[in-house]
Amino acid sequence: MITNPASDGGSMTKRDLIDEVIRVYPRFSGRDAEVIVNAVFDSMTEALARGERIEIRGFGSFVVKHRKAREGRNPKTGAIVPVAAKRVPFFKVGKELKLRVDGKGPADPAPSPGDTV
Amino acid sequence: MSDVVESTEKATTMTKADIVERIYEKIGFSKKEASEVVESIFEVIKVKLERGDKVKISGFGNFVVNEKRPRKGRNPQTGEEITITGRKVLTFKASQVLKKTINP
């Protein structure tokens with residue numbers, strides 16, 4: 001059902017993703033598709049900003065980790081500079097996607113009977 | 001890294017259903033439609049990554065597939081040397097915008 005026609009070149013942008021939604025759902029206007037795709041990532045960003053984790057089945061999970069304040073160094077001068085505590089987003093790939101990316105995914109055609117796994 | 005501590009505040013988790021809810025509220029399609037479109041957005045991304053392509057979401061971050069070469073490893077239990085096969089792994093690099101947003 002979902003194949004990607006136009007955008008080759010090895011990378012997909014948010015714009016390409018919006019165009020793909022328009023292609024798969026001709027009943028949505030271009031504006032709708034844009035609002036939908038933006039809403040997906042905006043809501044994820046907001047969840048992370050609230051310190052929540054995000055779990056997308058079959059895709060992966062996002063967590064916010066805390067880094068303590070530490071003393072850093074200016075690599076040029078060697079001077080000690082304070083680095084403030086901060087929160088860092090992390091992504092952990094889900095099992096299904098991990099396998100698919102590695103070419104072992106369930107999305108592959110089913111093995112014919114007699115194949116050894 | 002020792003300076004990384006797993007988040008302990010609020011154990012709330014956002015799921016696909018929450019994203020669907022948000023789109024439903026914002027745009028007013030049926031829940032079924034909203035759920036279908038969210039599902040297919042993630043599927044489109046997965047198909048791309050499966051092919052080894054990059055997915056760049058401005059304001060959020062980039063998903064990139066990296067090829068790992070085989071390397072020597074050791075079974076920490078037995079000390080036995082083993083070869084870890086080459087593989088493709090997915091990494092996410094958060095955008096500056098996302099990093100700034102979660103550090104107000």
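Here is how names work: the chains are called A, B, and so on, in the same order as the sequence lines, proteins then strands, and each is numbered from 1.
For the pair Phe91(A) and Lys93(B), the minimum side-chain heavy-atom distance is 4.5 Å or more. Counting heavy atoms from C-beta outward, Thr13(B) and Ile54(A) have side chains that stay 4.5 Å or more apart. Counting heavy atoms from C-beta on, the side chains of Ile57(B) and Val37(A) never come closer than 4.5 Å. In this structure, the side chains of Glu43(B) and Glu20(A) stay at 4.5 Å or more apart for every pair of heavy atoms.
In this view, Asp102(A) and Lys104(A) satisfy the side chain to side chain donor-acceptor pair (under 3.5 Å) rule, not counting sequence neighbours. The salt bridge (charged side-chain N to carboxylate O under 4.0 Å, His left out) check on Lys98(A) picks up nothing, with sequence neighbours excluded.
Note on residues 54-64 of chain B: no pairs pass side chain to side chain donor-acceptor pair (under 3.5 Å), not counting sequence neighbours.
The residue among Val88(A), Thr13(A), Ile18(A) with the most heavy atom pairs within less than 4.5 Å of chain B is Thr13(A).
Considering all non-hydrogen atoms of both residues, Met44(A) and Met14(B) come closest at CA-SD, 4.1 Å. For the pair Arg87(A) and Ile102(B), the tightest heavy-atom approach, listed with the atom from each and the gap, is NE-O, 2.9 Å. Smallest separation of non-hydrogen atoms from Lys16(B) and Arg57(A): NZ-O, 3.3 Å.
For residues 80-91 of chain B, heavy-atom neighbours of chain A at less than 4.5 Å comprise Arg87(B), Lys88(B), Val89(B), Leu90(B), sorted by residue number.
Between the CG atom of Asn38(A) and the CD1 atom of Ile23(B) there is a distance of 10.0 Å, given to the nearest 0.5 Å. The distance from the NZ atom of Lys100(B) to the OG1 atom of Thr45(A) is 14.0 Å, given to the nearest 0.5 Å. The distance from the CD atom of Glu55(A) to the OG1 atom of Thr15(B) is 8.0 Å, given to the nearest 0.5 Å. Within the model, atoms CG of Asn103(B) and CZ of Arg67(A) stand 11.0 Å from one another, a figure rounded to the nearest 0.5 Å. Ile45(B) contributes atom CD1, which lies 7.5 Å from atom CE of Met12(A) (distance to the nearest 0.5 angstrom).
The contact between Val55(B) and chain A is made by backbone and side chain atoms together, counting heavy-atom distances below 4.5 Å. Contacts of Glu36(B) with chain A are made by both backbone and side-chain atoms, with heavy-atom separations under 4.5 Å. The contact between Lys46(B) and chain A is made by backbone and side chain atoms together, counting heavy-atom distances below 4.5 Å. Using a 4.5 Å cut-off between heavy atoms, Val93(A) contacts chain B through its side chain alone, with no backbone atom that close.
The backbone N or O of Ser11(A) lies less than 3.5 Å from no partner atom in the side chain of Asp53(B), so there is not a single donor-acceptor pair. Formation of a donor-acceptor pair under 3.5 Å by the Arg100(A) side chain with backbone atoms of Glu50(B) is not found in this model.
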Chi angles and distances behind the ring pair (Phe, Tyr, Trp, His ring centres under 6.0 Å) call for Phe62(A), Phe92(B): CA-CA 10 Å; Phe62(A) 297 85; Phe92(B) 172 69; 5.4 Å; yes
